[in-house]
Amino acid sequence: MEEAEALTVMSALAQSTRMRVFVLLLDAGPAGIGSSDIADAVGVPRNLMSSHLAVLSKAGAIVSTKNGRSVTYTAVADVVVALGDHLLELGARAGAGGSRS
């Protein structure tokens, strides 16, 4: 994962509602969840949920599938794995000669 992508993903997940949505979708697995059900589950008005879903989609953390008038969202688990690998690489660099303040 490149630095710019890592920053985009971390920024998207650094907001509590979006993190709760992402974890909810991870738990839902490949079946995913509809946007209204997501909004109800995290306690956010449905009209505000679309902006949170858009940020997560743009970051590549979730994907949507449209079936008629309904949209189902699923988490992209590989994004978290790639972000974790990126952070581990940074940690290894720090351990190889970096210093803590």
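Computed from a predicted structure; not experimentally measured.
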K.L.:
To check you understand the geometry: which heavy-atom pair defines the closest contact between Arg20 and Val42, and what is its length?
P.N.:
NH2-O, 2.6 Å
K.L.:
Any idea which heavy atoms bring Ala39 and Met49 closest together, and the distance?
P.N.:
CA-CE, 3.7 Å
K.L.:
If Ile, Leu, Val, Met, Phe, Trp and Tyr residues are connected whenever their side-chain heavy atoms lie under 4.5 Å apart, and connections chain through other members, are Leu7 and Val79 in the same group?
P.N.:
yes
K.L.:
Side chain to side chain contact (heavy atoms under 4.5 Å, CB included) for Leu56 and Leu13? Distances and angles first, verdict last.
P.N.:
CA-CA 8 Å; Leu56 290 166; Leu13 296 176; 3.8 Å; yes
K.L.:
Output yes when a side-chain donor or acceptor of Glu2 lies under 3.5 Å from a complementary backbone atom of Ala4, and no otherwise.
P.N.:
no
K.L.:
When you group the ILVMFWY residues by side-chain heavy-atom contacts below 4.5 Å and let the links chain together, are Val23 and Val55 in the same group?
P.N.:
no
K.L.:
When you measure from the side chain of Arg18 to the backbone of Ala12, do you find a donor-acceptor pair of N or O atoms at a distance under 3.5 Å?
P.N.:
yes
K.L.:
Over all heavy atoms of both residues, which pair between Ala6 and His86 is shortest? Give the atoms and the distance, please.
P.N.:
CB-CD2, 3.6 Å
K.L.:
Please test Ile38 against His52 for side chain to side chain contact (heavy atoms under 4.5 Å, CB included), starting from the C-alpha separation and ending with a verdict.
P.N.:
CA-CA 11 Å; Ile38 295 169; His52 291 295; over 6 Å; no
K.L.:
Does the side chain of Thr17 reach to within under 4.5 Å of the side chain of Leu48, using non-hydrogen atoms?
P.N.:
no
K.L.:
In a table with atom names and distances, give each donor-acceptor pair under 3.5 Å that connects a side chain of residues 57-74 to protein atoms at least two apart or in another chain.
P.N.:
residue : atom : partner : partner atom : Å
Ser57   : OG   : Leu53   : O            : 3.0
Ser70   : OG   : Asn67   : O            : 3.0

K.L.:
List for me each residue that meets side chain to side chain contact (heavy atoms under 4.5 Å, CB included) alongside Val81, sequence neighbours excluded, and say none if there are none.
P.N.:
Asp85
K.L.:
Which value, rounded to the nearest 0.5 Å, describes the distance between Leu88 atom CG and Arg93 atom CZ?
P.N.:
13.0 Å
K.L.:
If you look at every heavy atom in Met1 and Ala82, which pair is closest and at what distance?
P.N.:
CE-CB, 3.7 Å
K.L.:
Just wondering, do Arg46 and Asp40 contact through their side chains at under 4.5 Å, heavy atoms?
P.N.:
yes
K.L.:
If hydrophobic clusters are built from ILVMFWY residues whose side chains come within less than 4.5 Å, do Val44 and Ile33 share one?
P.N.:
yes
